[in-house]
Amino acid sequence: MNRTAMRASQKDFENSMNQVKLLKKDPGNEVKLKLYALYKQATEGPCNMPKPGVFDLINKAKWDAWNALGSLPKEAARQNYVDLVSSLSPSLESSSQVEPGTDRKSTGFETLVVTSEDGITKITFNRPKKKNAINTEMYHEIMRALKAASKDDSIITVLTGNGDYYSSGNDLTNFTDIPPGGVEEKAENSAVLLREFVGCFIDFPKPLIAVVNGPAVGISVTLLGLFDAVYASDRATFHTPFSHLGQSPEGCSSYTFPKIMSPAKATEMLIFGKKLTAGEACAQGLVTEVFPDSTFQKEVWTRLKAFAKLPPNAVRISKEVIRKREREKLHTVNAEECNVLQGRWLSDECTNAVVNFLSRKSKL
Ligand SMILES: CCCCCCCCCCC/C=C/C(=O)SCCNC(=O)CCNC(=O)[C@H](O)C(C)(C)COP(=O)(O)OP(=O)(O)OC[C@H]1O[C@@H](n2cnc3c(N)ncnc32)[C@H](O)[C@@H]1OP(=O)(O)O
């Protein structure tokens with residue numbers, strides 16, 4: 001709508017003031033100063049305040065902006081305010097599609113629920129009947145969700161699980177879908193998939209937070225070493241029974257775990273399959289903080305919403321400064337772990353463990 005030929009009414013002006021509060025994206029200091037100056041001019045007339053001192057930087061910038069409007073009539077200032085707010089409409093449109101407090105839910109996922117709200121993209125593993133075991137489709141969907149989250153306007157990204165488990169790790173039925181090229185081809189393709197999958201976590205550009213709602217097994221545990229913070233319910237446990245499964249560590253855990261928790265503690269977990277309680281995992285540095293299950297969701301989401309209000313650029317740049325020292329090393333470790341696993345998947349030890357689980361002869 002061309003508003004320049006119109007006179008903005010007091011109602012238009014009030015609507016615009018409300019719209020400013022709903023802006024999804026910070027319009028920047030320059031625009032905010034203009035809005036401030038036009039608002040003051042429209043409501044009080046020409047600048048009538050004493051000039052602030054040079055060191056009172058914020059009030060001086062506001063005063064300068066207001067004073068620069070000279071003797072602009074109140075009506076014109078009101079109109080300019082309404083026009084300026086209307087020119088910010090792209091960010092308004094995106095916010096007005098969403099009722100305050102309502103999730104923007106992404107469609108097109110079979111194994112996940114992905115929502116975006118309050119600066120947080122939440123990726124929820126959603127195969128609760130299978131304890132959120134990660135099947136091939138889910139590996140692909142997690143990668144797709146992470147790639148989308150890296151480009152959306154969220155500040156942080158959260159992974160969590162639906163139901164009583166965070167995740168029971170790799171879906172062992174992934175071993176049964178053998179292509180015409182045989183098990184060697186399957187192992188080769190799986191190593192490529194795993195490398196790409198873990199690579200998405202290494203390269204993720206925003207803070208990645210795990211909200212571990214219940215037990216975690218296998219790859220859902222090892223990946224935690226690549227997260228920026230891990231919050232756990234006191235119901236959660238952490239279990240990496242790789243030797244029992246004839247397999248070897250992945251998710252860069254052969255590098256991150258000894259660094260996080262000491263080589264001997266990492267050995268207990270990654271080689272001997274010691275299952276940790278949430279409290280033990282916290283004492284060893286894998287978990288950032290543990291909460292009673294009864295207050296877990298409330299306490300964690302209150303905290304995350306506060307994090308998500310931090311200045312987005314500072315948050316993103318700080319993550320990059322921290323991750324960049326390690327990125328190359330992590331990619332090398334990831335490649336090596338996938339190579340070793342490719343061989344393990346063809347071993348009798350691994351085949352027997354998977355057959356035992358699938359024929360209901362064994363669980364962890
Ligand atoms: C040829 C090469 C192919 C390679 C393909 C690999 C691709 C990348 C691999 C990356 C490396 C990752 C490694 C890991 O993550 S290792 C860890 C693997 N996870 C497990 O070993 C856990 C197995 N599950 C269990 O031991 C138990 O289910 C569990 C202790 C988790 C829960 O026990 P509970 O008694 O409470 O519940 P149920 O067993 O009755 O489970 C309910 C149903 O869910 C199914 N389920 C659970 N977990 C898995 C799983 N990981 N894989 C497949 N299915 C799983 C379980 O069978 C039940 O199903 P039904 O109700 O249909 O019986």
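Every number for a ligand or one of its atoms is a count from 1 in the order of the listing.
- Ranking protein heavy atoms by distance to atom 29 (C) of ligand 1, first place goes to Tyr165 OH, 3.7 Å.
- Listed by first then second residue, pairs satisfying salt bridge (Lys or Arg N to Asp or Glu O under 4.0 Å) with a partner in residues 185-197 read Lys147-Glu196, not counting sequence neighbours.
- With a 4.0 Å heavy-atom cut-off, ligand 1 is reached by the backbone of Lys129 but not by any atom from C-beta on.
- Those atoms of ligand 1 with a heavy atom of Gly169 less than 4.0 angstrom away are 15 (O).
- Here is the list of ligand 1 atoms found below 4.0 Å of a heavy atom in Ala133: 49 (C), 50 (C), 51 (N), 52 (N).
- Closer than 4.0 Å to atom 58 (C) of ligand 1 lies none of the heavy atoms of the protein.
- Below 30°, between 30° and 60°, or above 60°: for Tyr166 and Phe125 the angle between ring planes is above 60°, a perpendicular geometry.
- Ligand 1 has at least one atom lying under 4.0 Å from a heavy atom of Tyr139.
- Counting heavy atoms under 4.0 Å from ligand 1, residue His244 does not touch it at all.
- Near Ser190, with a cut-off below 4.0 Å to any heavy atom, the atoms of ligand 1 are 3 (C), 4 (C), 5 (C).
- Just one residue in the list Ser150, Ser154, Ser106 forms a side chain to side chain donor-acceptor pair (under 3.5 Å) with Thr121, and that residue is Ser154.
- Scanning the protein for heavy atoms near atom 38 (P) of ligand 1, the closest one is Lys363 NZ, 3.5 Å.
- Looking at Thr173, Ile219, Leu172, Ile134 and measuring to atom 52 (N) of ligand 1, the nearest heavy atom belongs to Leu172.
- Using cut-offs of 30° and 60° on the angle between ring planes, the pair His244 and His239 is perpendicular.
- Taking the six-membered ring for Trp and thresholds of 30 and 60 degrees, Tyr81 and Tyr39 have ring planes inclined between 30 and 60 degrees apart.
- The shortest N or O to N or O distance between Glu250 and ligand 1 is not below 3.5 Å.
- Less than 4.0 angstrom separates some heavy atom of Lys186 from each of these atoms of ligand 1: 1 (C), 2 (C), 3 (C).
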Is there a side chain to side chain contact (heavy atoms under 4.5 Å, CB included) between Val113 and Asn162 once you walk through the steps?
-> CA-CA 9 Å; Val113 175; Asn162 183 15; 5.9 Å; no
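- Looking only at protein heavy atoms, the nearest one to atom 61 (O) of ligand 1 is Lys130 NZ, 4.2 Å.
- Of the possible polar contacts, none joining the Glu250 side chain to the Leu194 backbone as a donor-acceptor pair under 3.5 Å is found.
- A cation-pi geometry, defined here as NZ or CZ lying under 6.0 Å from the six-membered ring centre and within 45° of its normal, does not hold between Lys40 and Trp63.
- What sits closest to atom 25 (C) of ligand 1 on the protein, heavy atoms only, is Phe357 CE1, 3.5 Å.
- Side-chain contact of Asn213 with Ser233: a donor-acceptor pair under 3.5 Å is absent, judged by distance alone.
- Close contacts between ligand 1 and Ser168 involve ligand atoms 18 (C), 19 (N), 20 (C), 22 (C), 31 (C), 47 (C), 48 (N), 49 (C), 50 (C), 51 (N) [criterion: under 4.0 Å to a heavy atom].
- Nearest residue to atom 14 (C) of ligand 1 from Leu341, Val354, Asn170, Ile178 is Asn170 (criterion: closest heavy atom).
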Evaluation steps, side chain to side chain contact (heavy atoms under 4.5 Å, CB included), between Ile120 and Thr157 = CA-CA 6 Å; Ile120 304 173; Thr157 298; over 6 Å; no
